[in-house]
Amino acid sequence: MFLEKVVVEINGYFVGFIFKDDVLVRNTIPLSRDEINKFFSWEKISNKKHHIKMAKCILRLYFGKMLDSEVRELIDYSLDVTPFTKKVLDVVKNIPYGSVKTYGEIAKELKTSPRAVGRSMNKNPLPLVIPCHRVVGKDNIGGYSYGITHKINILKNEGVITNLK
DNA sequence: AGATTGAGCGGCA
DNA sequence: TGCCGCTCAATCT
């Protein structure tokens with residue numbers, strides 16, 4: 001099995017990828033240089049055409065300029081997670097652009113607990129591609145692995161959050 | 001195999 | 001608002 005851990009840089013944004021036999025199993029959101037080193041361990045910077053193409057998709061997703069469903073059709077990925085997390089992420093996949101669901105709502109659908117749903121979000125290996133940023137708390141925005149500032153940015157870019165002080 | 005830990009939630013003061 | 005207890009998959013001991 002061939003494992004590849006790379007980072008692609010596009011105008012100051014760093015996106016990390018892990019491939020298993022050329023199939024995407026993990027990615028990061030666009031991060032600063034400091035953040036990528038904090039959140040992701042990688043082997044090399046990649047300049048491969050299809051890696052750059054993927055990174056551009058991730059950037060577009062972050063800035064709300066592309067649909068996640070579209071990216072999922074373009075990219076060869078596999079969800080390398082437990083059966084439970086897969087079930088949760090399958091629900092999350094169906095949350096449309098520009099709308100949100102709460103941890104509790106998803107928990108109810110799957111007959112589990114909100115905390116268990118949150119745990120699965122934390123383990124989402126394909127952020128933005130699987131839109132876990134669209135899962136929020138009932139009374140607040142909820143958490144985000146890369147920091148809630150990013151979650152707020154993404155939701156702003158999708159037009160979900162309009163005014164924020 | 002048991003204890004602890006969360007990207008949560010509802011109830012009650 | 002703030003706290004307390006319930007929850008349940010995943011992650012320690």
Side-chain angles (χ1 to χ4, degrees), chain A residues 1 3 5 7 13-20 23-42 54-55 57-72 75 77-165:
Chain A
M1 185 200 53
L3 203 68
K5 299 181 181 182
V7 163
Y13 292 103
F14 295 79
V15 184
F17 295 103
I18 297 179
F19 299 96
K20 244 185 207 174
V23 176
L24 180 71
V25 292
R26 186 182 160 81
N27 68 273
T28 70
I29 65 170
L31 298 167
S32 69
R33 187 184 292 275
D34 285 344
E35 287 172 318
I36 196 82
N37 289 320
K38 178 176 164 196
F39 290 118
F40 192 69
S41 76
W42 46 283
M54 269 188 214
C57 285
I58 300 297
L59 281 186
R60 289 196 192 106
L61 288 175
Y62 187 92
F63 291 104
K65 300 200 161 152
M66 195 168 180
L67 293 175
D68 48 293
S69 53
E70 201 180 332
V71 173
R72 286 196 298 276
I75 291 180
Y77 71 91
S78 95
L79 272 175
D80 209 0
V81 294
T82 62
F84 176 81
T85 298
K86 195 165 172 29
K87 240 182 6 182
V88 178
L89 293 180
D90 275 340
V91 173
V92 175
K93 260 198 289 201
N94 294 324
I95 306 174
Y97 180 99
S99 69
V100 294
K101 264 191 186 180
T102 67
Y103 300 98
E105 283 167 356
I106 295 170
K108 214 169 179 184
E109 265 179 63
L110 297 176
K111 309 227 190 273
T112 181
S113 78
R115 283 215 124 124
V117 173
R119 187 163 276 273
S120 287
M121 293 304 98
N122 184 34
K123 302 254 147 40
N124 178 16
L126 307 171
L128 294 171
V129 178
I130 311 282
C132 61
H133 57 275
R134 295 183 193 138
V135 184
V136 298
K138 200 195 163 189
D139 303 310
N140 54 25
I141 193 155
Y144 199 65
S145 310
Y146 297 102
I148 60 167
T149 310
H150 278 120
K151 189 172 185 175
I152 291 168
N153 284 340
I154 300 162
L155 290 175
K156 271 187 188 167
N157 293 336
E158 290 196 6
V160 175
I161 301 172
T162 47
N163 62 332
L164 203 85
K165 50 174 166 31

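Letters A, B, ... are given to chains in the order of the sequence lines, protein chains preceding strands, and every chain is numbered from 1.
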| field | From CA spacing to verdict: side chain to side chain contact (heavy atoms under 4.5 Å, CB included), A:Val88, A:Met121 | value | CA-CA 8 Å; A:Val88 178; A:Met121 293 304 98; 3.4 Å; yes
| query | Under the side chain to side chain contact (heavy atoms under 4.5 Å, CB included) criterion, do A:Cys132 and A:Ile130 qualify, and how do the steps go? | reply | CA-CA 6 Å; A:Cys132 61; A:Ile130 311 282; 5.5 Å; no
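The existence of a salt bridge linking A:Lys93 and A:Asp90 is confirmed by a sub-4.0 Å separation between a basic side-chain nitrogen and an acidic carboxylate oxygen.
As rounded to whole Å, 17 Å separates atom C1' of B:dA7 from atom CG of A:Leu126. For A:Glu105 and B:dG8, the CD to C1' distance is 13 Å, given to the nearest whole Å. Between A:Lys138 atom NZ and B:dA7 atom C1' the separation is 18 Å, expressed in whole Å. For the pair A:Leu89 CG and B:dA7 P, the computed distance is 15 Å after rounding to whole Å. Rounded to whole Å, atom C1' of B:dG10 lies 10 Å from atom CG of A:Asp139.
At a threshold of 4.5 Å between non-hydrogen side-chain atoms, the residues A:Ile58 and A:Val129 count as touching. No side-chain heavy atom of A:Pro131 sits under 4.5 Å from any side-chain heavy atom of A:Tyr97. Taking 4.5 Å as the limit, every side-chain heavy atom of A:Leu31 sits out of range of all side-chain heavy atoms of A:Phe40. Counting only heavy atoms from C-beta outward, the side chains of A:Asp68 and A:Arg134 approach each other to under 4.5 Å. No side-chain heavy atom of A:Thr28 sits under 4.5 Å from any side-chain heavy atom of A:Glu35. Side-chain contact between A:Leu155 and A:Tyr144 is absent, with no heavy-atom pair separated by less than 4.5 Å. Contact of the A:Val71 side chain with the A:Met66 side chain is registered, since non-hydrogen atoms from C-beta on lie closer than 4.5 Å. Side-chain contact check for A:Phe39 versus A:Ser145: every heavy-atom pair is 4.5 Å or farther apart.
A donor-acceptor contact under 3.5 Å is not formed by the side chain of A:Tyr144 with the base of B:dA7.
Side-chain nitrogen and oxygen atoms of A:Lys151 include none within less than 4.0 Å of the OP1 or OP2 phosphate oxygen of B:dA7.
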| query | So what's the dot-bracket for DNA chain B: Watson-Crick or G-U pairs under 3.5 Å, [ ] if a pair crosses, | if it pairs off-strand? | reply | ||||||.||||||
Short N/O separations, protein against nucleotides 8-13 of chain C, under 3.5 angstrom:
{"residue": "C:dC8", "atom": "O4'", "partner": "A:Ser113", "partner atom": "OG", "Å": "3.0"}
{"residue": "C:dA9", "atom": "N3", "partner": "A:Arg119", "partner atom": "NE", "Å": "3.4"}
{"residue": "C:dA10", "atom": "OP1", "partner": "A:Thr82", "partner atom": "OG1", "Å": "2.5"}
{"residue": "C:dA10", "atom": "O4'", "partner": "A:Arg119", "partner atom": "NH1", "Å": "3.4"}

Please tabulate, one pair per line, each protein N/O and nucleotide N/O from nucleotides 1-3 of chain B that are separated by under 3.5 Å, including the distance.
none

